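All remarks here apply to the structure that follows.
This one's a predicted model, so the numbers in the text were calculated from it and none came from an experiment. The basis for the numbers below is simple: all heavy atoms, side chains too, and nothing from hydrogens, waters or symmetry mates. By convention here, the first residue in the shown sequence is residue 1.
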Amino acid sequence: MNGKNDKLKEKIWNIRNYIQKLEDIKDDIIEYLNYLKELDDSTRNLWISDVKEFYYNTFSAWEMLRPTKDIEFKNIENSKGFLYVARNFLSKIISQLRIFQNDKSSKLIKKAEETFKECWDAFWFVFQRVLNEKEILKPTERVIKVSDLEYHLPCSVCSKNAVEFKIGYGRFDKSEALVFRGITHERSMNINLANNLFRILQEKDLLGVHNFMKRHHSFEGLDAYCPECDKIYCWEHYNAREEFDDGFYDCTYGECPNGHKRMIDD
Ligand SMILES: [Zn+2]
Ligand SMILES: [Zn+2]
């Protein structure tokens, strides 16, 4: 084992300080919710379980980085996954606390946001250190034709699969459909649209795909696509964030590496 590795392991170990702070915040918020007279019991229980999920997902993100041997790429990806889920729970919790405009509520929000930001940065320091040493694949194509029935759109930064279109069965489909899987959700569309879409994909016309999705899917179009860059980004590189309103999912915003921000799911 070399010194660099030791240093990294120390960095990972030190993340536990933030985890501990978040645990305190979790307990503070739960205590606050328990004393909040305005809440009925079922809402209270739901909100408390959100706070716990927030904490446990952050904790799991940390655990993923603590394998017995070297840190593998897979662990990093899993860790990121938990961290993203934790961040979404945090925005949900904050939208719930915001309903009560008082001092205590504002203080808890501020403390939670600040501590999670520190924790998030500490995680990303580790992710970047590990990933810098691996070779990052440069995407070769904008559109990958897997078969006559399936196309993939890779992220323009990391080349990870961001979007899939295929003819097949979605989770609840009884008959074949045009299945779209983007960075925010999966949805089955009318199979009769496939010919039209696949023609656009064959021309590698990403803007065309975006406009197609605007017409047939939703106003936001293709969730992984930044129209200003004319590029595809995965969840991570679109820096996608879920937003909540009074505790309910509202929408997802993406901000590409060039700072273009738009609503990508509503
Ligand atoms: Zn990416
Ligand atoms: Zn952009």
Side-chain angles (χ1 to χ4, degrees), residues 4-30 46-97 108-134 136 155 157-162 182-185 224 233-244 247 249 252-255 257 264-265:
K4 203 173 167 190
N5 229 332
D6 283 344
K7 194 113 200 265
L8 193 62
K9 286 198 170 155
E10 194 188 314
K11 286 276 181 200
I12 293 171
W13 180 244
N14 287 340
I15 293 179
R16 94 187 184 289
N17 298 327
Y18 301 110
I19 305 271
Q20 264 158 16
K21 276 200 211 171
L22 287 175
E23 187 171 17
D24 293 343
I25 290 168
K26 162 183 75 86
D27 294 339
D28 288 350
I29 297 178
I30 291 175
L46 280 174
W47 288 13
I48 286 178
S49 86
D50 289 340
V51 179
K52 289 181 178 167
E53 286 290 343
F54 160 65
Y55 171 72
Y56 291 130
N57 275 285
T58 316
F59 186 82
S60 301
W62 182 55
E63 273 201 325
M64 281 294 136
L65 295 181
R66 304 181 54 229
T68 42
K69 292 181 277 139
D70 282 342
I71 307 161
E72 288 169 34
F73 186 69
K74 196 176 81 209
N75 298 106
I76 296 281
E77 287 301 302
N78 287 337
S79 179
K80 277 184 197 170
F82 281 115
L83 209 57
Y84 284 128
V85 175
R87 186 169 70 170
N88 286 339
F89 271 109
L90 180 61
S91 1
K92 193 173 176 189
I93 294 161
I94 288 172
S95 81
Q96 291 157 348
L97 290 175
L108 285 171
I109 291 174
K110 191 160 175 279
K111 210 167 135 197
E113 272 179 334
E114 282 172 3
T115 311
F116 187 69
K117 171 82 174 61
E118 286 172 359
C119 185
W120 174 272
D121 290 345
F123 269 105
W124 278 89
F125 181 87
V126 172
F127 295 158
Q128 257 135 22
R129 279 285 279 276
V130 177
L131 294 176
N132 276 346
E133 289 165 23
K134 316 257 175 214
I136 292 180
C155 168
V157 178
C158 68
S159 80
K160 200 159 70 186
N161 231 0
I183 54 174
T184 55
H185 65 280
Y233 297 106
C234 67
W235 175 274
E236 177 182 333
H237 291 113
Y238 216 150
N239 197 19
R241 295 189 74 146
E242 290 184 355
E243 305 225 337
F244 293 83
Y249 175 74
T252 304
Y253 277 96
E255 186 175 348
I264 58 173
D265 181 53

Can you find a heavy atom in the side chain of [X] that is under 4.5 Å from one in the side chain of [Y]?
X	Y	result
H237	C155	yes
T58	F82	no
Y84	E236	yes
T115	D24	no

Are the side chain of [X] and the backbone N or O of [Y] linked by a donor-acceptor pair below 3.5 Å?
X	Y	answer
S60	Y56	yes
W62	I12	yes
S95	G247	yes

Least distance between heavy atoms, L8 atom then R129 atom =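 Smallest heavy-atom distance, with atoms named: CD1-CB, 3.7 Å.
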What closest approach, in Å, do A224 and A162 show between heavy atoms, and which atom pair accounts for it?
->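 Distance-wise, the nearest heavy atoms are CB-CB, 4.2 Å.
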Does K80 come within less than 4.0 Å of E77, counting only side-chain N to carboxylate O?
->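 A salt bridge links K80 with E77.
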Determine, for E53 against K26, whether the closest basic-nitrogen to carboxylate-oxygen distance falls under 4.0 angstrom.
->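 Salt bridge between E53 and K26, a charged N being under 4.0 Å from a carboxylate O: no.
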Please check if atom NZ in K11 has more than 12 non-hydrogen atoms from other residues, nucleotides or ligands closer than 6.0 Å.
->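 It does not: K11 NZ has 12 such atoms or fewer within range.
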Return yes when atom CZ of R87 has more than 12 non-hydrogen atoms of other residues, nucleotides or ligands closer than 6.0 Å, and no otherwise.
->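 It does: R87 CZ has more than 12 such atoms within range.
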To the nearest 0.5 Å, what is the distance between [atom1] ([X]) and [atom2] ([Y])?
X	Y	atom1	atom2	result
I183	I264	CD1	CD1	4.0 Å
L83	L90	CG	CG	10.5 Å
I15	L22	CD1	CG	11.0 Å

Among residues at least two apart in sequence or on other chains, which ones pass side-chain hydrogen bond (donor to acceptor under 3.5 Å, both in side chains) with [X]?
X	answer
K21	E118
T252	Y249
E114	K110
Y55	E23

Under the side-chain contact (heavy atoms from CB on, under 4.5 Å) rule, collect the residues that match up with N78, sequence neighbours excluded.
->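 Here the qualifying residues are M64, K74.
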For W124, what residues pass the ring pair (Phe, Tyr, Trp, His ring centres under 6.0 Å) criterion, not counting sequence neighbours?
->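 Here the qualifying residues are W120, F127.
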For the ring pair F116 and F54, is the centre-to-centre distance below 6.0 Å?
->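 That pair passes the under 6.0 Å test.
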